[in-house]
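These values consider heavy atoms only, across backbone and side chains, with no hydrogens, waters or symmetry-generated copies.
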Amino acid sequence: MTTTDRAPETDRRTPWHTLSTAEVVSRLGAGSNGLTRAEASRRLAEHGPNTLPVAAGVPAWRRVLRLLRDPMIMVLAVAAVVSAVISREWETPVVILLVVVLNTVLNYVQETRAEESLAALRDMAVPHSRVVRDGAEVEVDSADLVPGDVVVVESGDRVPADGRVLEASRFQVAESALTGESVPVDKTAGAVAAADAPLGDRTGMVFMNTEVTRGRARVVVTGTGERTEMGAIAELLGGAGGEQTPLQRRIGVLARVLTVIALVVVTLVMGIGLVRGQSWEDMLLSAVSLAVATIPEGLTAVVAFTLAMGAARLAREGAIIKNLAAVETLGSTSHIATDKTGTLTLNEMTVTRIVAGGSAYTVTGTGYEATGTVLSSDPDAVPDLRRAAVAMTLCNDAIVTDGELVGDPTEGALLVAATKCGLDVEGLRAARLRVAQVPFDSDHRFMATVNRSPGGELALSAKGATGALLPRSTHVWNGTDAVELTDELHEAIRLATEELAERGLRTLLVAGRPFESAPGEDGSGETGVDESVLLDEVRGLTVFAVVGIVDPPRSEAAEAIRVAREAGISVHMITGDHLVTASSIARDLGIEGESVRGVDLDGIDDDELTERAPGMGVLARVSPEHKIRMVRALQSGGDVVAMTGDGVNDAPALSQADIGIAMGVTGTDVSKGAADMVLTDDNFATIVSAVEQGRGIYDNIVKFVKFQLTTAWAFVLVFLASGLFGLAAVPFTALQVLLVNIVMDGPPAMALGVEPVEKNAMRRPPRPADEQILTPSRLVRILWLGVVMATGTLLVLAFAESMFPERAGVPLFATTLAYAAFVFFQVFNLMNVRSTDGSVFSRDMAHNAPIWVALAAVPLLLVAVVQVPFLQGIFDTTPLHADEWLLAVAVGSSILWLEELRKAGARWRARRYEGSGTMVVV
């Protein structure tokens, strides 16, 4: 068997980064001339195309059928059929079926979300690749790549598959979308000893869909399609998420409970009626009306409206909601697991410290805007950093224009720092042309350039790792002269570098010297010196400065984290960056807790992680698997978790979290596709504002549920008591009930949906994830108010004709008057539910204009239903006189006065215990 005919080893778990290039080539059955076309075709048939898997979508008809199987919908559908068969009238069954259709459509639209995450991953795929086949470099479709192929990539390319570097020339790859590493990574052909090294530390490997920022390399493909790291993310995306939000779960539980109650009550009423000798036909019609009365048909519509209004408010503040139910989830969030790069930080490298001439300087300003200055901790020290600034400018390939960077982020930071030192960067570059260079390479870990001044003098400038350039240096610039680099000064520079590194800063040493020999004999500027020869000339340097560089925190992030902490929300930084850097940023932002590396998580079992996860403030050097595991650990403790991020590596955790939040500006299409919410301003502070809105939205939904369930409970009591006491076989018709539940409940409920957020929303802890909408205190209040409504309605129904003897014997009079009283009970109860213990007559109750519109609209609609002849025939009503209307208003208002008395008592008890440290729950 020839080399290229050998069966390749293609397990993604193989530690390719630990193997020598010769062993990798051997295991993959690759050769120096690449694969033959025949072997490539055979392997393609065996391993499949180099594409990510496509998840099969759920057909629309299956989704609709699943929605129609909802117990609440099924009861309504049965009610419509029974009504059509028994009454032989079209109005009631048609209206009920319209309600069923409306609810189904709303739920379908809410559930419909395109599978954007996997589609975005596939869209990132590289269309063509340069590969060595039969000894020649040819271009092939990237989908046809197979393990063992030798691929050529260079600056500007996107890596088409996972692979091991065979040869590299100044090769650098940006992997932030995959690993979270904020700066490009230097890649070499060397092996990495640690088998469990994080992806960001596997310098001999490249990964699908990462971007080559510099240099050129030959890479042997180790994994294609689903066997790549991107394939692993696609697999995680397919298996993550899918759970219902807390609101959906609570609404589902409530709907099931109400459906069971409806069936029990219908059975009970029918049994009572039959025992009393009433006909099957009357009892079936009564059952239809009661089923419609018990089930809150408007629940889904009003919840959707409330969430939509909340989503619109959030959009104005910079947060786009993709899944409406996620709006409420924000309000119950107890943990925010956030990426660092681009989320808590600017994703713009910035020089913040310069150590030069024995003094330390602080550089103000952030990002690539040249706004800021250089400050000294020693008031007597005068910043003289011109030599350092010149070297940072000339030994640099980046371009920064109006705050926009083209090139390497670290080099961009150096240019901005040079400008803050007072240097004219563009003028200096124009005056001092580069005539030779030593490009950065991970082997020697520095870059050097030779530039010619207008007077013809040559100077060498260098920047790189302190450990690489300090041994090549002989002097130190002290601000006025170049002094000899003594052992004492050598140790001082080394300690200064370590101190900056301990602060989480990336360090670079900047140095230079006059260059005596011209690279070009004729002075043309063309280098006549081989790069390897010029490399030997990088010696005898004078150290100008050591600079500390960091991706700085966003200015508003620290305040947002403080507010979140006051609201009982823990913030966790989960990043692919190094532990020291991440921990330093976390300290600056006020993130508390234990700092852990991703590799440390591998030694922790799930039970221990569940216990320790809430106390972990920083997780560094993590993989996508670590992120999703952390989110699950927090969720398994019963908490609601929000996850923020912007990279491909964040997508599985975004999908798994109760609410995934992607960055709109710096975020990848993959992260946006996996998220429930996208921040248009990439501002972490927007999340805190969104949490506040989410809490207000949930409060408004609770108010509506209390309002409508009080009505439903009152209906149940009215129907039960009517049957027991023989007041009426069918006190209210199905259409009358539907009118109340949908039309007369609709405007008030929607008005409740736009109630302002309460002032103390962010000063109370998050709700427990398992808290139901109907807590015991809320349920007691609903039962109490329902009894008040039912009692008043039944009294009017029983004594209507005795109170108005002149109307005795008038068909439908008693039921119409009772119906009017019932609706006015609703109107006044709307005012009650706006606050648990606040008075209706307080100033705060005047801020919601839609409430007052609803309070006017419902009585007007009731008058039309009762007084307009055409509507009387549809809704089975008869006209009422003025004094009868006054009675209905008076009876309905009783619920307001009784609640005002209860609230006054609650406020009195609260004041009584104020300052005693005792909390009174009312």
Side-chain angles (χ1 to χ4, degrees), residues 8-30 47 50 52 124-126 129 131-132 142 145-155 157-234 441-443 576-578 598-599 602 621-626 647-649:
E9 182 179 328
T10 58
D11 190 343
R12 185 166 54 85
R13 292 170 296 183
T14 301
W16 298 109
H17 58 285
T18 66
L19 307 178
S20 67
T21 55
E23 188 172 359
V24 171
V25 168
S26 175
R27 288 198 183 192
L28 290 170
H47 298 285
N50 180 35
L52 296 179
M124 290 177 67
V126 185
S129 300
V131 62
V132 178
S142 294
L145 290 179
V146 296
D149 262 329
V150 176
V151 177
V152 179
V153 289
E154 60 185 17
S155 179
D157 289 345
R158 186 173 287 168
V159 179
D162 287 4
R164 179 71 164 82
V165 178
L166 299 178
E167 303 171 7
S169 175
R170 300 185 293 275
F171 189 45
Q172 195 176 69
V173 180
E175 297 179 335
S176 61
L178 178 64
T179 66
E181 178 70 64
S182 54
V183 294
V185 180
D186 297 307
K187 299 290 185 177
T188 68
V192 175
D196 60 353
L199 292 181
D201 293 339
R202 299 180 186 182
T203 54
M205 296 291 296
V206 292
F207 305 103
M208 175 187 271
N209 293 342
T210 55
E211 297 181 2
V212 180
T213 57
R214 185 169 62 189
R216 176 184 172 92
R218 287 165 66 94
V219 176
V220 60
V221 174
T222 58
T224 59
E226 62 185 12
R227 297 181 182 88
T228 63
E229 294 299 330
M230 284 293 176
I233 290 177
D441 189 279
S442 56
D443 289 335
D577 216 334
H578 293 279
V599 67
D602 296 332
R621 241 31 196 160
V622 294
S623 67
E625 289 85 356
H626 293 139
V648 174
N649 59 319

Just how far is it from atom [atom1] of [X] to atom [atom2] of [Y], taken to the nearest 0.5 Å?
X: Asp149; Y: Thr224; atom1: CG; atom2: OG1; value: 9.5 Å
X: Thr14; Y: Arg227; atom1: OG1; atom2: CZ; value: 11.5 Å
X: Arg158; Y: Thr210; atom1: CZ; atom2: OG1; value: 9.0 Å
X: Trp16; Y: Arg27; atom1: CH2; atom2: CZ; value: 6.5 Å
X: Phe171; Y: Arg214; atom1: CZ; atom2: CZ; value: 11.5 Å

Is [X] reaching over with its side chain to a backbone N or O of [Y], donor-acceptor style, under 3.5 angstrom?
X: Asp157; Y: Glu154; value: yes
X: Asp577; Y: Arg621; value: no
X: His17; Y: Thr203; value: no
X: Arg202; Y: Ala191; value: no

Is the closest side-chain heavy-atom distance between [X] and [Y] below 4.5 Å?
X: Val153; Y: Pro160; answer: yes
X: Val206; Y: Val165; answer: yes
X: Asn50; Y: Met208; answer: yes
X: Val221; Y: Asp162; answer: no
X: Val185; Y: Gln172; answer: no
X: Leu145; Y: Val151; answer: yes
X: Met205; Y: Thr222; answer: yes

With sequence neighbours excluded, residues passing side-chain contact (heavy atoms from CB on, under 4.5 Å) with Ser20: Ala22, Glu23
Start with the C-alpha gap between Glu175 and Lys187, add the side-chain angles, then the distance that decides, and say whether salt bridge (charged side-chain N to carboxylate O under 4.0 Å, His left out) holds. CA-CA 11 Å; Glu175 297 179 335; Lys187 299 290 185 177; 2.7 Å; yes
Step by step, would you call Val150 with Val219 a side chain to side chain contact (heavy atoms under 4.5 Å, CB included)? CA-CA 5 Å; Val150 176; Val219 176; over 6 Å; no
Grab the two heavy atoms, one from [X] and one from [Y], that are nearest each other, plus how far apart they are.
X: Thr228; Y: Gly225; answer: OG1-O, 2.7 Å
X: Val220; Y: Ala30; answer: CG2-CB, 4.1 Å
X: Ala161; Y: Gly223; answer: CB-O, 3.5 Å
X: Phe207; Y: Val159; answer: O-CB, 3.4 Å
X: Thr21; Y: Ala189; answer: CG2-O, 3.6 Å

For the residue pair His626 / Asp602, report whether a side-chain donor-acceptor contact shorter than 3.5 Å exists. yes
Does Glu167 have any salt bridge (Lys or Arg N to Asp or Glu O under 4.0 Å) partners at least two apart in sequence or in another chain, and if so, which? Arg218
Verify side chain to side chain contact (heavy atoms under 4.5 Å, CB included) between Glu229 and Asn209, making sure each step is shown before the conclusion. CA-CA 10 Å; Glu229 294 299 330; Asn209 293 342; over 6 Å; no
